[in-house]
Amino acid sequence: MAVEPKMTVDKKKLVDLYTRTLKIRLFESKVWDLFGQNLIPGTLHLYLGQEAVAAGVTAALKKTDWIQSTHRGHGHVIAKGADMKRAMAELLGKRTGSCKGKGGSMHITQFDVGVLGATGVVASGLPIAVGAALSCKMRGTKDVVACFFGDGASNNGTFGESLNMSAIWKLPVIWVVENNLYAMGTPIAWTCPSENIAQRADGYCIPNKIVDGNNALEVYEATVEAVERARNGGGPTLIECKTYRMKGHSRFDPAKYRPKEEAEYWLSRDPVEIIRKIAIEAGALTEKEADKIRKKLEKEVEEAAKFAIESEYPAPEEALEDVFMEVDA
Amino acid sequence: MAVEPKMTVDKKKLVDLYTRTLKIRLFESKVWDLFGQNLIPGTLHLYLGQEAVAAGVTAALKKTDWIQSTHRGHGHVIAKGADMKRAMAELLGKRTGSCKGKGGSMHITQFDVGVLGATGVVASGLPIAVGAALSCKMRGTKDVVACFFGDGASNNGTFGESLNMSAIWKLPVIWVVENNLYAMGTPIAWTCPSENIAQRADGYCIPNKIVDGNNALEVYEATVEAVERARNGGGPTLIECKTYRMKGHSRFDPAKYRPKEEAEYWLSRDPVEIIRKIAIEAGALTEKEADKIRKKLEKEVEEAAKFAIESEYPAPEEALEDVFMEVDA
Amino acid sequence: MPVMTYREALRQGLREEMLRDERVFIMGEDVGKNWGGAFKVTKGLAEEFGDERVRDTPISENTIAGAAVGAAITGMRPVAEIMFGDLITLAMDQVCNQAAKMRYMFGGQTSVPLVIRTVFGGGKNIASHHSQSLEAWFMHTPGLKIAVPAFAYDVKGLIKTAIRDPNPVMFFEHKLVYDKKEEVPDEEYLIPFGEARVHREGDDVTVWGTFLMVHKAIAVADQLAKEGISVEVIDPRTLVPLDKKTLLESVKKTGRLVLVTEETKTGATTAEIAAIVQEEAFDWLDAPIVRVNAPDTPVPFSPTLEQFFIPDEKRIAKAVKSIL
Amino acid sequence: MPVMTYREALRQGLREEMLRDERVFIMGEDVGKNWGGAFKVTKGLAEEFGDERVRDTPISENTIAGAAVGAAITGMRPVAEIMFGDLITLAMDQVCNQAAKMRYMFGGQTSVPLVIRTVFGGGKNIASHHSQSLEAWFMHTPGLKIAVPAFAYDVKGLIKTAIRDPNPVMFFEHKLVYDKKEEVPDEEYLIPFGEARVHREGDDVTVWGTFLMVHKAIAVADQLAKEGISVEVIDPRTLVPLDKKTLLESVKKTGRLVLVTEETKTGATTAEIAAIVQEEAFDWLDAPIVRVNAPDTPVPFSPTLEQFFIPDEKRIAKAVKSIL
Ligand SMILES: Cc1ncc(C[n+]2csc(CCOP(=O)(O)OP(=O)(O)O)c2C)c(N)n1
Ligand SMILES: Cc1ncc(C[n+]2csc(CCOP(=O)(O)OP(=O)(O)O)c2C)c(N)n1
Ligand SMILES: [Mg+2]
Ligand SMILES: [Mg+2]
């Protein structure tokens, strides 16, 4: 994986990419721990293995830009700058969670850092991204929207509808396909006639690119180009990130259906290691600095877990709140 | 429009194509008359101008093959061999109609000649075609399914879902896009970033072709190729037929939104005249024979209208029938 | 006061809100200058406000609704049109899973100020896919407000309230009331949600209904008045929030209730109303609550069949008399 | 008689029908050999019947349902699975406009013998998009039959009846009953649609409910029996057709009715049942019919909230006592 960082990427950005990737890794590893301890109710779709996608995409965004997340959303929202304490508390179903314990893993969202929402319905984020991008355009904010979704989501009807609408209106959207080769236990080869999803974008005249989704730098560079196009009125771009889940689909899935060699190949390409190596080789980071960053993040994650564990559960009657917003008299 | 018939098309087929095209024309002209006389309730989406599409497609099908129709369905079902009397009676809401007066224009269907159904929901026929084709394949019948839909329908979610499913399962479907340049009053240029719909099929690795939809022979030849592929297990094909409505979208639409030159160009390319000329030039038909066919069809249409007009309306309580099929004890 | 059609009053309400608030925009299939909406409600608005604010869309119902959600949560005030109510079947995920639930599942972080306009009802002989009345599905979806204006005066005041509401509002119209006329003030007015309109006061029987059935119920009330039967006619105007108070007070006065809508009977909004009233006014009821609805069939095409399907004045009058 | 789980009984029913009739096939997301269905209902069937007859699909709910329609009308007997009931929002057009209406709008030319299986209910802390109970929408859609089995014995007999029915059947399951066990005959049996199961006989109050709430109602009945309160517990097993007879006879005996489902209250199936009973047994009712449902909110995630959301035995018992 000897990827030469292009001259356009400065050293600070490499450190940023490393930090984002690692932060997700540490957060998710902690989450994995906590549910092993039965502290997290429900199910979970971990982002482990796909960290470079969220890291690379969000590193190319401003704070006021938006992302649209999925059922596999922890990595997206952490990368976009969500408060880890409130995120972790949300996963544990605590009142202090970013959604007050009402959303949980599949709806983990922090709106004020630019997360439109995480959604449990596969592919349902795409239309929302269209609307947010339309809103950016109509309000003249120059903000862009990055919309994450999976290979499986690309088979849902909203995919074509949303790509099309973004194309005809030249909306500032970046469509980010996280092609991790599976939708639950279904290999993409069973449900997609082509090897890549990206070619579907050609049908809608949307520029598209396939990148190594385990390499945050590659993802970042493709996103920078897409963001530039979007901000300048050039319309949408689709980026297909080839990646892989480190774990099963959800909490209890051992993922035995994945061929051994395939899994070995992918698991040997650790997104954290890849960006770490790039950053170090580029002289952006020393081993020591890298370790220091890790320590700092580990501490933050630890504090987040502590906060979450010590927080209270919502009172039962809070279930009745937040259905409607009050109407001003 | 000097299209040379290929040697593969025999003269009988040219006569067949002429006859089908003309039959639709005469049927629809009568329909237009009858609603002028206020004999047809509700609304209508006439097939006038697009006759060559249904004619060309159905001429390449066997009786046991299926078609899936749309809201603009009269032409499809007539071409597939529906009884004109029962079709006309259906439009008039009579008990003798093929749907007993329950369906009307938008649901005009005769199942026993291979019409899966006409549907009022744009693009809703595509999934049904997928299922029928799957059924043909699973039952090993070697029958194929031709599914008609419009340019507007291609923007609906089921389009991508259904194309994809047909591709991964190599189903015997022919996707027939009738691109008449408008969805109601909306020109395709407003809702589709490309000039052609066909390129969307590439995204799903589906062979596709663009043909002159006002030329029944061209449509026929493309369909023959597609049918052959489908019957031999080669999977789906998409055929985009460029065509044009002679009238507005529906009963009361004067279609003033269409540029004059555009309308003039298309209206000068009359599908009936085009196939007539081809057949005559190929020596398949003399002027006299052509007129004789017309006379015969005119008579049939006249009889259909008479039958429809003279038939009774259903009794009110018949509204309660046909919800469920009786369960055998 | 000027007399205008329901269609004109609705358009006036939309126009006033677009003038007042530049965040308000309209999107939907054929809402723009080439057509002005399938029922001509938005006619002229694209000419006045431009194609950006009266935006023609592809035939992509779920993405129309979803785009409205995305625009709403980021600072716009979309009014999305689904051309026929029957087609909202294609947008149920965005309407019911996203718009309705977003505020809740994100713990109040967002609000979703959008309006989805669509039209229900039969009577135009356009058969099963263009004639349904599906409001009950949405009444059963927590997080949505629902307006069901039946009169020109109401539609103007309610659309303005709907647009200003910070929550998702389903704004349901009815094909056969677009041409109904009524006096409608030219000046601005808002009609609060959750306030029923009592069209006729009466002592013997309460009739509660929506859309075209309100018009028919009024005709029946006027007719029965001549026979000495005094009928109170209530139009809820919004289903969520629901004005239970006006209804319950009326039932406590009359002791008798007939519910009339064009929906197919089983599981209609009338079932909910019946359940509420028997729950909360049990001791005042002198007779069973009678429901007058369409039969449990799809909507048929042929005029003879469709006339049978849609409740008529005779059936309403009969229902009233059946519990006297 | 062997004791087995609801899941096993359902699988056995599916398997028997696939052995009996080669037209029967299963399609859905992850129903095949890599997963066996999200709730493992179809586990092992792909191995036995092959990938063609236990067919994994893309994530395309509307086309899954529509493909089932197309296959059904041309001679197959599809059993389509929608992984979670919440996702049927994406298939509403094919289910409600096509499957349900096709026979009618084509004047009886076709029948649509398909089964759509999906699963409702909360209790697993998977929040608003994976926990709903939406059966009321379908009860309000003429042309669909609806099975709501709550017990292992019922689910086997009903799935077999569903598959043999020439009409579209919505076959609704519930997440928290998959592991419930009961005696289930190994030999073939069919349970006719439209016949309720009376789980407890009693004289004081009738409790009617579905899914997990039947289990809870039984526990409440057993508990109250000790206090000398005699509760009759009725599970309709199918909502369409609905066994009104058993219910009405029970109410005419007890004079009191409590309705319990996990649905959000407004517009739930319980509203329809309340409306019917007050219509048809008005004179026998000694007290208002009481509805016990979830509140009108989306389903929350956190255990404390979700436990509050789902009706529990305490609420049911309280409701029973409230009308004694
Ligand atoms: C519309 C819809 N269908 C099915 C599901 C159940 N489901 C949850 S995740 C998932 C797989 C999604 O695959 P993909 O889009 O590739 O995302 P990944 O899980 O691989 O990140 C499925 C089928 C769902 N939540 N929504
Ligand atoms: C899903 C859906 N959306 C909208 C409509 C209203 N409608 C009926 S026909 C039509 C235009 C269809 O355009 P196209 O697919 O190009 O077919 P054409 O009418 O041109 O033959 C529209 C929008 C509908 N019936 N169904
Ligand atoms: Mg995936
Ligand atoms: Mg068209």
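Reckoned from all heavy atoms, side chains included, excluding hydrogens, waters and symmetry mates. So that the names make sense, note that chain A is the first sequence line, chain B the second, and so on, each numbered from 1.
- Both the backbone and the side chain of T119(A) come within less than 4.5 Å of a heavy atom in chain D.
- Going from atom OG of S105(A) over to atom CG of N125(D) covers 11.5 Å, rounded to the nearest 0.5 Å.
- With T304(D) contributing its side chain and A315(A) its backbone, the two residues share no donor-acceptor pair below 3.5 Å.
- Crowding of E47(D) atom CD: a count of heavy atoms from other residues, nucleotides or ligands under 6.0 Å exceeding 12.
- Only the backbone of D296(D) comes within contact range of chain A, judged by heavy atoms closer than 4.5 Å.
- The shortest non-hydrogen separation linking A153(A) to I59(D) is N-CD1, 4.5 Å.
- For a residue to count as touching a neighbouring chain, one of its non-hydrogen atoms must lie under 4.5 Å from one of that chain's; by this rule E306(D) does not touch chain A.
- In this structure, the separation between CD1 on I108(A) and CZ on F301(D) is 9.5 Å, given to the nearest 0.5 Å.
- Residue N34(D) comes nearest to P187(A) through the heavy atom pair ND2-CD, 3.7 Å, listed as atom of the first residue, atom of the second, then distance.
- In this structure, the side chains of T57(D) and W190(A) stay at 4.5 Å or more apart for every pair of heavy atoms.
- D30(D) and T186(A) form a side-chain donor-acceptor contact under 3.5 Å, judged by distance and modelled atom types alone.
- Contacts with chain D were tallied for G104(A), A319(A), P316(A); P316(A) has the most, counting heavy-atom pairs under 4.5 Å.
- For M184(A), the parts lying under 4.5 angstrom from a heavy atom of chain D are both the backbone and the side chain.
- Taking chain D as the reference chain and counting heavy-atom pairs below 4.5 Å, the highest number among C192(A), G97(A), P314(A), G152(A) is found for P314(A).
- No more than 12 heavy-atom neighbours from other residues, nucleotides or ligands sit within 6.0 angstrom of NZ on K181(D).
- Interface remark: of the candidates P58(D), P303(D), A127(D), P58(D) forms the most heavy-atom pairs closer than 4.5 Å to chain A.
- Heavy atoms closer than 4.5 Å to chain A are found in the side chain of L87(D), but not in its backbone.
- Taking V323(A), L92(A), N156(A) one by one and counting their heavy-atom pairs under 4.5 Å with chain D, the maximum is reached by N156(A).
- Chosen from K94(A), K100(A), E317(A), R95(A), the residue pairing most often with chain D at heavy-atom distances under 4.5 Å is E317(A).
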Open item on the list: Quick one, M106(A) with H129(D), criterion side-chain contact (heavy atoms from CB on, under 4.5 Å). Give me CA distance, side-chain angles, the key distance, then yes/no.
Closed with: CA-CA 8 Å; M106(A) 276 194 276; H129(D) 284 171; over 6 Å; no
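- More than 12 heavy atoms of other residues, nucleotides or ligands lie within 6.0 Å of CD in E48(D), so this atom counts as buried by the packing criterion.
- Between H249(A) and W35(D), the ring planes lie perpendicular to each other; the angle is over 60°, past the 30° to 60° tilted range.
- Residue V121(A) touches chain D through both its backbone and its side chain, counting heavy-atom pairs closer than 4.5 Å.
- Put simply, of H130(D), Q307(D), K33(D), the one with the most heavy-atom pairs under 4.5 Å next to chain A is H130(D).
- Taken from OG in S302(D) to CD in E90(A), the straight-line distance is 8.0 Å, to the nearest 0.5 Å.
- The interface of residues 35-49 of chain A with chain D, defined by heavy-atom distances below 4.5 Å, comprises P41(A), G42(A), T43(A).
- Heavy atoms closer than 4.5 Å to chain A are found nowhere in T63(D), neither backbone nor side chain.
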Task: Trace of the side-chain contact (heavy atoms from CB on, under 4.5 Å) decision for T191(A) with D56(D) - done: CA-CA 8 Å; T191(A) 61; D56(D) 282 310; over 6 Å; no
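- Within 6.0 Å of CD in E262(A) there are more than 12 heavy atoms belonging to other residues, nucleotides or ligands.
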